[in-house]
Amino acid sequence: MSLSSQYKRIKSSLPENGMELVAVSKYQSQEAIRELYELGQRTFGESRAQDLQLKHEALPKDIRWHFIGHLQRTNVKYIAPFVTLIHAVDTFRLLEEIDKQAKKCERIIPCLLQIHIAQEESKFGFTFEECRAMLNEGTWQKLTNIRICGMMCMASNTDNEEKIRAEFAAVNTFFNEVKTCHFSDAPHFAIRSWGMSNDYHIAIEEGSNMVRIGSALFNQ
Ligand SMILES: *Cc1c(COP(=O)(O)O)cnc(C)c1O
């Protein structure tokens, strides 16, 4: 199948309203990204800071670039001038560094808190307890150049659909708890970034409003 028919197939399988598709282009050439751009896609996800910097320089300026991978503090400076959303904030120190670099660029950078839910696949992300503790502690409210806009997570890499569903459902419940406790008057706290190529159908049923799809899109 061509990239264009694959793109249309995936788009038509997503809810029409309130759902954002992040095209995960981390292993893709500029040509492939341009092809999707010509079809109307504007939101792309990358997971390496320097790749993202190069692609941002080379490609149309109205692309919204999301950083979706594990971000090291030393790399924040490369993407701070232009990144639209950082998905995987997994420590308070990273949040502080993003705030610092955003200040230098006179920007406010939207961020998501990565929640660790999968069994062993990724060692990154806050547990529910760690996330509660960080938010209750409160210093994050003094970071004026970041905006916490929601949560992201990755489910276990398994064929067990019920397990995946239970993980997404647990994060969705946690999202609602945090929204009530800390963001009840913050309409920007609204992004639920879960679902990738193999599990986005389940993710959507369990509250996702932002799916990050790479291989199902590009590897025909
Ligand atoms: C690579 C990646 C994706 C896309 O994964 P696919 O299985 O190729 O759809 C989504 N989210 C993150 C954080 C990734 O690193």
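All figures in this text were calculated on a predicted structure; none of them were measured in a lab. Note that ligands are numbered from 1 as they come in the structure, with each ligand's atoms numbered from 1 the same way. Excluded from the calculations below are hydrogen atoms, water molecules and symmetry mates; all remaining heavy atoms, backbone and side chain alike, are included.
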Taking a 3.5 Å cut-off between nitrogen or oxygen atoms, can you list every pair linking ligand 1 to the protein, with distances?
{"from": "ligand 1", "atom 1": "8 (O)", "to": "S215", "atom 2": "N", "distance (Å)": "2.8"}
{"from": "ligand 1", "atom 1": "8 (O)", "to": "S215", "atom 2": "OG", "distance (Å)": "2.9"}
{"from": "ligand 1", "atom 1": "9 (O)", "to": "S197", "atom 2": "N", "distance (Å)": "3.0"}
{"from": "ligand 1", "atom 1": "9 (O)", "to": "S197", "atom 2": "OG", "distance (Å)": "2.5"}
{"from": "ligand 1", "atom 1": "9 (O)", "to": "G214", "atom 2": "N", "distance (Å)": "2.8"}
{"from": "ligand 1", "atom 1": "11 (N)", "to": "R212", "atom 2": "NE", "distance (Å)": "2.9"}
{"from": "ligand 1", "atom 1": "15 (O)", "to": "K26", "atom 2": "NZ", "distance (Å)": "2.8"}

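N198 CG: 12 or fewer foreign heavy atoms inside a 6.0 Å radius.
Using the six-membered ring where Trp is involved, H56 and F82 have ring planes that are parallel, under 30° apart on the 30 and 60° scheme.
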Checklist entry - Step by step, would you call E96 with R73 a salt bridge (Lys or Arg N to Asp or Glu O under 4.0 Å)? => result CA-CA 9 Å; E96 284 182 310; R73 279 180 294 136; over 6 Å; no
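For Y78 and W65, the ring centers sit 6.0 Å or farther from each other.
The stretch residues 103-112 participates, sequence neighbours left out, in these salt bridge (charged side-chain N to carboxylate O under 4.0 Å, His left out) pairs: D99-K103.
Geometrically, R64 does not engage F44 in a cation-pi contact, judged by NZ or CZ lying under 6.0 Å from the ring centre and within 45° of the ring axis.
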